[in-house]
Amino acid sequence: MAKPSLPQGTRDFSAAVVRKRNYILSTIRNVFELYGFQPLETPAMENLETLMGKYGEEGDKLIFKILNNGLNDPKNADKAKEGFEKMMEGKNSPALTERALKYDLTIPFARYVAMNHGQLTFPFKRYQVQPVWRADRPQKGRYREFTQCDADVVGSKSLLNEIELANIYHESFVKLGLTKYQLKLNSRNILTALAELCGGADKMIDISTAIDKLDKIGVDKVKEELLQRGLTQQQVATIEQYLSISGSNVEKLAAAEKLFTGNDAAAKGLAELRYVCNHCENVNIDIDFTLARGLNYYTGVIFEAKAPADVKMGSIGGGGRYDNLTGSFGVPDIAGVGISFGIDRIYDVMEELSLFPDDLQIGTKVLFFNLGEAESLFAFKAMQELRRSGISCELFHETAKMDKQFKYAEKKGIPFAVIIGSKEIETGNAVVKNLSTAQQEAVAVNQLSLFFHNKS
RNA sequence: GUGGUUGUAGCUCAGUUGGUUAGAGCAUCAGAUUGUGAUUCUGAGGGUCGCCGGUUCGAGCCCGGUCAUCCACCCCA
């Protein structure tokens, strides 16, 4: 037998980790619900056709494809061989694969909206918490299976939605203790304006991906990359001017306004940012004109949530507005805006900052000691009584030395021990020991439930 | 997809220019006064040295390949 192992980039989650993850997820879910969002779940796999072409060329390569069943059936052999030839040319073939693991939650959501738009009430606000899969090479903060946690509003062009989503980020992060998170804000319209000013609309992607790296590689490298991507010295100089905009949000908006005088797209983008900023007073919004975001379907305001600056983690969430979510599924004119929480990364950040509450790990509250055959049966009855009243407890599985039973409780983080031996059966009083303070007291067996309910 | 790092006991790691039967700490289990967690002591179990091949009288160590891991790039959460 080969040693058992896990596929690259996937993880098991042990009890302690699951509890912490659930803490994050339920915190965020509660905020979503508070804002009137409804849950949605979609299958782990989608038709490959649904996903292909939605994430750009790079994204398509990272989709996990599922091999068709029955390829070894002789009657499929020719088709399968043909499909294999196509695959070697870098194309997909339905003869070989027609399903894939979902790559994000947005496209399956779009597919759902397109399929059900007749039945949905718009604006439709949904949240979705599910795993997604990417065939990326794993590294710090990057996994091949990870959980996404999205909230989207579709069927509304109101900027109030952006304001709500910014507030959802704020409330969630504050509740999790990440008070020093940063919420970067930009508008795709401003990037469009920049492209118009420097080489035309077709340079938009080149410019965006280059300037997005500013804080990572510095101005000089960005300029180098822009030149490499075919921009002229003069255009690069304009972009440098754009990148040098700094100050408070108000100052940045004013500076950009000056730079883009007379440009319609810029005026629209700046108006969006100004509106959102003006109505998000408590949110840690930071206008960042270098923010681009990879996904090519964003059309308006874009968000990126970053971990507190003292943690090396970068993005812990992102989102933005899109004009035409369902267009590629044959349903035009459904606009929307959404955000996503990177909960695996939020986990890592919270771990690094020790932000998880201590009491998350208490599962079993009381351990009944097993001090003999008759004693254990007596304890079992008392324990069942306690369980009926809602206290989580267990009886040590065999008669053993107390030392061993104490150690078991200690390792499992069980806060209380109930000791019932022959003496206790006689008197009807159990010994209850608080394992963290080492204090113990006698409690009548029929009063245990009351005793523990008063402890919590 | 590109580049690099590291693979020795359950965990963390030693292991000399290549030289007998591969070690330590922690952890586990048993025992040291049969109803109170510590400490200490004694003992035990546990390794195809990631895998395959090569060089050599001899390989955990050198060489080639391969797999896994972590890190960085591309891209992204």
Side-chain angles (χ1 to χ4, degrees), chain A residues 1-11 24 28 55-63 90 102-106 129-150 169 205 208-210 212-213 216-217 221 225 291-296 298 303-307 312-320 338-349 367 369-372 375 396 399-425 430-441:
Chain A
M1 263 303 255
K3 273 186 192 169
S5 65
L6 237 37
Q8 190 178 43
T10 65
R11 300 155 292 165
I24 296 173
I28 297 173
Y55 307 107
E57 210 175 309
E58 285 299 315
D60 283 357
K61 286 185 198 160
L62 300 180
I63 293 172
K102 68 175 169 232
Y103 179 88
D104 73 351
L105 301 180
T106 306
V129 181
Q130 288 191 276
V132 301
W133 293 268
R134 295 185 185 179
D136 219 345
R137 200 174 277 206
Q139 56 179 284
K140 188 176 183 184
R142 174 179 301 186
Y143 308 96
R144 287 185 146 184
E145 177 185 66
F146 64 99
T147 305
Q148 274 194 343
C149 180
D150 283 20
Y169 268 137
I205 302 283
S208 300
T209 49
D212 197 34
K213 297 177 195 164
K216 220 173 186 179
I217 62 177
K221 293 263 177 168
E225 190 166 332
L291 178 63
R293 308 258 335 135
L295 298 167
N296 37 21
Y298 291 130
F303 299 100
E304 180 158 306
K306 302 197 85 171
K312 273 194 174 173
M313 185 56 84
S315 176
I316 53 173
I339 55 169
S340 179
F341 286 85
I343 81 122
D344 296 81
R345 287 188 176 178
I346 291 172
Y347 180 98
D348 290 346
V349 170
L367 178 70
F369 275 29
N370 184 328
L371 299 177
E375 291 89 338
F396 197 78
T399 303
K401 291 201 295 190
M402 299 190 76
D403 173 72
K404 198 169 176 177
Q405 304 194 40
F406 273 120
K407 280 184 175 162
Y408 176 83
E410 192 179 7
K411 275 187 186 163
K412 284 195 73 173
I414 299 171
F416 293 99
V418 169
I419 300 167
I420 298 176
S422 49
K423 271 188 277 175
E424 286 74 17
I425 293 177
V431 172
V432 176
K433 181 160 182 173
N434 180 326
L435 296 181
S436 52
T437 63
Q439 283 175 340
Q440 59 183 50
E441 57 190 297

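All values below were derived from every heavy atom in this structure, side-chain atoms included, with hydrogens, water molecules and symmetry-related copies excluded. Quick note on labels: first sequence line is chain A, next is B, and so on, each numbered from 1.
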Q: Select one nucleotide: of B:C74, B:A27, B:U69, the one nearest the side-chain heavy atoms of A:Arg142.
A: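 The answer is B:C74, which lies nearest to the side chain.
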Q: Is the aromatic ring centre of A:Phe341 closer than 5.5 Å to the centre of the six-membered base ring of B:A77, with the two planes inclined by less than 30°?
A: no
Q: Roughly how many Å is it from CD in A:Glu57 to C1' in B:G1, rounded to a whole number?
A: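 These atoms are roughly 12 Å apart.
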Q: Taking atom NZ of A:Lys213 as the centre, report whether more than 12 heavy atoms of other residues, nucleotides or ligands fall under 6.0 Å from it.
A: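 More than 12 within 6.0 Å, yes.
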Q: Tell me, please, which residues at least two apart from A:Thr437 pass side chain to side chain contact (heavy atoms under 4.5 Å, CB included).
A: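 If we apply the side chain to side chain contact (heavy atoms under 4.5 Å, CB included) test to A:Thr437, skipping adjacent residues, the hits are A:Asn434, A:Gln439.
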Q: Look only at the side chain of A:Tyr169 and the backbone of A:Gly318, and say whether a donor-acceptor pair between them is shorter than 3.5 Å.
A: yes
Q: Tell me the stems RNA chain B sits in, counting at least three consecutive Watson-Crick or G-U wobble pairs, each under 3.5 Å on both distances.
A: B:1-4 with B:70-73, B:10-13 with B:23-26, B:28-32 with B:40-44, B:50-54 with B:62-66
Q: Quick check: on RNA chain B, is the nucleotide nearest A:Lys140 upstream (toward 5') of the one nearest A:Gly318, or the reverse? Name the residue that is more 5'.
A: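 It is A:Lys140 whose nearest nucleotide is closer to the 5' end.
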Q: Give me the distance, rounded to whole Å, that separates B:C67 from B:G31 when you measure between the P atoms they each carry.
A: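 Result for the P pair: 48 Å, nearest Å.
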Q: Tell me, please, which residues at least two apart from A:Glu58 pass side chain to side chain contact (heavy atoms under 4.5 Å, CB included).
A: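 Once residues adjacent in sequence are excluded, the partners of A:Glu58 under the side chain to side chain contact (heavy atoms under 4.5 Å, CB included) criterion are A:Lys61.
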Q: On a whole-Å scale, what distance lies between the P atoms belonging to B:G7 and B:U12?
A: 12 Å
Q: Would you verify whether the NZ or CZ of A:Arg134 falls within 45 degrees of the ring axis of A:Phe146 while also being under 6.0 Å from that six-membered ring's centre?
A: no
Q: Just call it for A:Ser315: base, sugar-phosphate, or nothing, with non-hydrogen atoms closer than 4.0 Å on any strand.
A: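 Answer is sugar-phosphate: A:Ser315 comes under 4.0 Å of backbone atoms only.
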Q: Looking at A:Thr399 and A:Leu371, what are the two nearest heavy atoms and their distance?
A: CG2-C, 3.8 Å
Q: What integer distance in Å separates A:Ile205:CD1 from B:C74:C1'?
A: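 Answer to the nearest Å: 15 Å.
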Q: Considering only the P atoms, how many Å lie between B:C52 and B:A59, rounded to the nearest integer?
A: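 Going atom to atom, P in each nucleotide, I get 15 Å.
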Q: Would you tell me if any nitrogen or oxygen in the side chain of A:Lys404 comes within less than 4.0 Å of OP1 or OP2 on B:C29?
A: no
Q: Tell me, with the steps shown, if A:Met402 and A:Phe369 meet side chain to side chain contact (heavy atoms under 4.5 Å, CB included).
A: CA-CA 8 Å; A:Met402 299 190 76; A:Phe369 275 29; 3.7 Å; yes
Q: Quick check on B:A72: is either OP1 or OP2 less than 4.0 Å from any side-chain nitrogen or oxygen of A:Gln139?
A: yes
Q: For A:Lys412, what residues pass the side chain to side chain contact (heavy atoms under 4.5 Å, CB included) criterion, not counting sequence neighbours?
A: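 With neighbours one apart ignored, the set is A:Thr364, A:Glu394, A:Tyr408, A:Ile414.
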Q: Categorize A:Tyr143 for me: base, sugar-phosphate, or nothing, with a 4.0 angstrom heavy-atom threshold over every strand shown.
A: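 Here A:Tyr143 touches the bases of the nucleic acid.
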Q: For A:Glu304 and B:A77, give me the distance from atom CD to atom C1', rounded to whole Å.
A: 9 Å
Q: What string of B, S and - do you get for nucleotides 33-42 of chain B, 5' to 3', if B is base contact, S is sugar-phosphate-only contact and - is no contact with any protein heavy atom under 4.0 Å?
A: --BBBS----
Q: Over how many whole Å does the gap from A:Asp212 atom CG to B:C73 atom C1' extend?
A: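 Distance check: A:Asp212 CG to B:C73 C1' gives 15 Å.
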Q: Give the C-alpha distance, both sets of side-chain angles, the deciding distance and a yes or no for side chain to side chain contact (heavy atoms under 4.5 Å, CB included) between A:Phe341 and A:Ile346.
A: CA-CA 8 Å; A:Phe341 286 85; A:Ile346 291 172; 3.9 Å; yes
Q: Check whether any side-chain nitrogen or oxygen of A:Lys411 sits under 4.0 Å from OP1 or OP2 of B:U28, and answer yes or no.
A: yes
Q: With sequence neighbours left out, write down each residue that passes side chain to side chain contact (heavy atoms under 4.5 Å, CB included) with A:Ser340, or none if nothing qualifies.
A: A:Gln148, A:Asp150
Q: Can a donor-acceptor pair under 3.5 Å be found between the side-chain atoms of A:Arg137 and the base atoms of B:C75?
A: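 Absent.
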Q: Identify whether any heavy atom of A:Gly317 sits under 4.0 Å from a base atom; if not, whether one sits that close to sugar-phosphate; answer base, sugar-phosphate or nothing.
A: sugar-phosphate
Q: Have a look at A:Lys306 and say if it touches a base, only the backbone sugar-phosphate, or nothing, with a 4.0 Å heavy-atom cut-off.
A: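 No contact at all - A:Lys306 keeps every heavy atom at 4.0 Å or more from the nucleic acid.
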